[in-house]
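The block underneath contains the structure these notes are about, expressed in structure tokens.
Proteins come first, then strands; the chains are lettered A, B, ... in the order of their sequence lines, and each starts at number 1. Owing to the predicted nature of the structure, the values given are computational and were not obtained by experimental measurement.
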Protein chains: 4
Amino acid sequence: MSPRRRDAEGTAAARAERRAELLGAAAEVFASRGYSATTVREVADAAGILGGSLYYHFDSKESMADEILSTFLNEMWASYDQVLAADLGARETLEALIAASFRSIDRHRPAVVLYQNESKHLATSPRFDYLLDSQRRFEEMWLSLLERGAREGAFRADLDVGLIYRFIRDTVWVAATWYQRGGRLTADEIATQYLAMVLEGIGTPPAH
Amino acid sequence: MSPRRRDAEGTAAARAERRAELLGAAAEVFASRGYSATTVREVADAAGILGGSLYYHFDSKESMADEILSTFLNEMWASYDQVLAADLGARETLEALIAASFRSIDRHRPAVVLYQNESKHLATSPRFDYLLDSQRRFEEMWLSLLERGAREGAFRADLDVGLIYRFIRDTVWVAATWYQRGGRLTADEIATQYLAMVLEGIGTPPAH
Amino acid sequence: MSPRRRDAEGTAAARAERRAELLGAAAEVFASRGYSATTVREVADAAGILGGSLYYHFDSKESMADEILSTFLNEMWASYDQVLAADLGARETLEALIAASFRSIDRHRPAVVLYQNESKHLATSPRFDYLLDSQRRFEEMWLSLLERGAREGAFRADLDVGLIYRFIRDTVWVAATWYQRGGRLTADEIATQYLAMVLEGIGTPPAH
Amino acid sequence: MSPRRRDAEGTAAARAERRAELLGAAAEVFASRGYSATTVREVADAAGILGGSLYYHFDSKESMADEILSTFLNEMWASYDQVLAADLGARETLEALIAASFRSIDRHRPAVVLYQNESKHLATSPRFDYLLDSQRRFEEMWLSLLERGAREGAFRADLDVGLIYRFIRDTVWVAATWYQRGGRLTADEIATQYLAMVLEGIGTPPAH
DNA sequence: CATGAATGAGTGTTCATTCAT
DNA sequence: AATGAATGAACACTCATTCAT
């Protein structure tokens, strides 16, 4: 490897790293203050630079949100696809998907919050069409899993599937608003308890 | 009595009614576009008047949000207090609270969305301190109910109470983002199915 | 005519008048400082209002330039069309067109300057396509007139027509950069002398 | 002697050459986009380097314009002075000056465009006072030539001298906006035809 | 009650310029 | 000589708010 190549790689990597740093700061601020209510200057402050300097790295505020969200979604789908490829039973698939989701929250908490709060608003711009695509694919995946589970006897068949879908979807993702790494419970512990609640309910079985 | 005077006579009631109309429009727009992303002009457009005219009725954009939220919270707490005053068993109380919550969503959907999405942001201003108070009271109420239920054997005791609290809280309120009056399911039907899920889970009991 | 209609007309007219006022100020500043080098604030200052207030009347800086230019071009072409419709001889047509041009300069001096200095730059945006259209029509009109004049013996035939075209075009329009109403010479006097120069030259005939 | 040292030896000349290269690119871009509308980055792009790198060679954007304009004006005046020193008759002087002007356009087209479009704007800064000086000298030169020509019978005496001055000035310099080296007509051919137009006009003599 | 013109602080963005490497 | 990251002032534009009518 020639020194030239070494340098080129070094700066390309350094640039990518800097972008990641800045996007991390941006995601944090967007998540806590809301995308619209956040000023570019606040993002820059959080990153320790001046407002204008962000534009050396990014085209616009929107493109920061774009990169934050697409990075998160790509990783999330990669982990979902791995689960789906394993071809497990309905119940095991559900368990694996929920665990994967909480791991996503653990790794991308601010991005998840941003996604939840602003995707509807952002999706009005064509550049964010992939948000709707992802949402559609997500819904299809869950609905078909829940229907299959009901058919196979893994899940109760007396509940509205659309309602269950929303129930699970909301339950999982909203956790991003309060989850914090290093808190009382780890992401895996939360996943386990969530699964217990979702599958068995919080009520005690009626006595005979 | 001239028509002018006739109008004047009804002024107080008419004014209140107009305010309610305008707040309804405002809540709808705030909920769908987000409070920060909504301009006063958009609210005015939705109400069929010009931007400046809103200031005859309200002091500021903030005060509209204030009135929307406090109206909703007052009504919500009135219904909760009624439930609590009935002194039911833990399970029955939970059922009644959830039913009351879905009825709140039915009556104040945009306000609930606004509350969920923006209360954190708005609460930085002292005028919205009551949001935090309400939240605190809400948490206390649920935690004590869940603890009592666990003690009394109505609820499982092996789950983290704080987690259950968040689980229920999120599950219920997020529904405001997709619920629509006159949709496939009524608020009461949704409440019933939610209760089934929350209490019994979606899984089928393991065979012996 | 009902009072309502009177009012409606009154405010519509008042609004148009205000726009015209502001556009007059804008044209003046654009012409003297250059469009790009002019800030919106400078325009507003010249109009005696604040920068933001301009946006109550106009969508953007660009739309001000647009309205200034299209108003000027419309009026210019109206006067040209009148000349062309009269179906005069080549020489008389040329005289009438040049007189009309100087009258345009008299009435729209800043707009002409703006047109000359910035149309190339502005025409990169599709909204200004009409500038290119106008330019093309202008060139065709002049070339066909000059060719006809050469054929009919009204103009010398030994000169390059394209060159004459540019010569006349530039000569006339550049005058907008120094012309001032109420100066030593009226627009008509300038037109007369320009015509003398263009038709007969500034040299004295060679003695026999 | 190493190649490095060989380079170093030629440093002063090499540096001057590089400056000239960069100024050539800058002049081209300034002329085509307008000075204000041109960014330093665009200049650098045209030169194949990065924006910041220009500042190794020049103090500021303004100093580039300065050097472009003063180089052009110095050369132009050198050629004018040569003409004036020859002490020709009025008509021959005019012919020689116009020919020299078109040769200037041929050699410094972008600089001439820049001069025409931006000198008024730039002249607000004291560093560009020489632009006004040049303009004044230019006007004096032409006015005295035209007056002398009128006195001596070389030029018509029935036209406004100030008008003729502007007529010639504009006619000549505006050509820089459309002239291109290697086009249909050479600079000398254009000069010849321009002189024919200016001296004899485009009209045919009235028949007796 | 409502209008419509204006305000002025603030927003996202641009860009000439600097400077360590 | 040139890079590339950063600066900071300025820009076009937005918007909550005011107020005379």
(request) For Y115(B) and L73(B), run side-chain contact (heavy atoms from CB on, under 4.5 Å): C-alpha distance rounded to whole Å, both residues' side-chain angles, the deciding distance at 0.1 Å, then the answer. (result) CA-CA 9 Å; Y115(B) 178 75; L73(B) 285 177; 4.1 Å; yes

Under 4.0 Å between a side-chain N or O of [X] and OP1 or OP2 of [N]?
{"X": "S53(A)", "N": "dT7(F)", "result": "yes"}
{"X": "R15(A)", "N": "dA5(F)", "result": "yes"}
{"X": "Y55(B)", "N": "dT17(F)", "result": "yes"}
{"X": "T39(B)", "N": "dC15(F)", "result": "no"}
{"X": "R18(B)", "N": "dA2(E)", "result": "yes"}

Whole-Å distance separating the [atom1] atom of [X] from the [atom2] atom of [N]:
{"X": "R41(A)", "N": "dA10(F)", "atom1": "CZ", "atom2": "C1'", "answer": "10 Å"}
{"X": "K61(B)", "N": "dC15(F)", "atom1": "NZ", "atom2": "P", "answer": "9 Å"}
{"X": "L50(B)", "N": "dA16(F)", "atom1": "CG", "atom2": "P", "answer": "14 Å"}
{"X": "Y56(D)", "N": "dA2(F)", "atom1": "OH", "atom2": "C1'", "answer": "9 Å"}
{"X": "L54(D)", "N": "dT18(E)", "atom1": "CG", "atom2": "C1'", "answer": "14 Å"}
{"X": "E21(B)", "N": "dC1(E)", "atom1": "CD", "atom2": "C1'", "answer": "13 Å"}
{"X": "E17(D)", "N": "dA1(F)", "atom1": "CD", "atom2": "C1'", "answer": "15 Å"}
{"X": "D66(D)", "N": "dA16(E)", "atom1": "CG", "atom2": "C1'", "answer": "17 Å"}

(message) Using heavy-atom distances to pick each residue's nearest nucleotide on DNA chain F, tell me which of M64(C) and G52(D) is more 5'.
(response)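 Between the two, 5'-proximity favours G52(D).
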
(request) Could you pick out which residue, H57(D) or G51(A), lies toward the 5' side of DNA chain F when each is mapped onto its nearest nucleotide? (result) H57(D)

(request) For A65(D) and L122(D), work out which heavy atoms get closest and say how close. (result) CB-CD1, 4.3 Å

(request) Check the side chains of D66(D) and Y130(D) for a donor-acceptor pair under 3.5 angstrom, ignoring hydrogens and angles. (result) yes

(request) Please check if atom CZ in R19(B) has more than 12 non-hydrogen atoms from other residues, nucleotides or ligands closer than 6.0 Å. (result) yes

(message) Surrounding CD of E21(D) (heavy atoms of other residues, nucleotides or ligands, distance under 6.0 Å), is the total greater than 12?
(response) yes

(request) Could you please name the option among dA6(E), dA2(F), dT17(F) that lies closest to any side-chain atom of I49(C)? (result)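 Of all the options, the side chain of I49(C) is nearest to dA6(E).
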
(request) Tell which nucleotide pairs with dT21(E), taking only Watson-Crick or G-U wobble pairs whose two distances are both under 3.5 angstrom. (result)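 Looking at the geometry, dT21(E) pairs with dA2(F).
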
(request) For T38(D), report the nucleic acid contact type (base, sugar-phosphate, nothing); a contact means any heavy atom under 4.0 Å. (result) sugar-phosphate

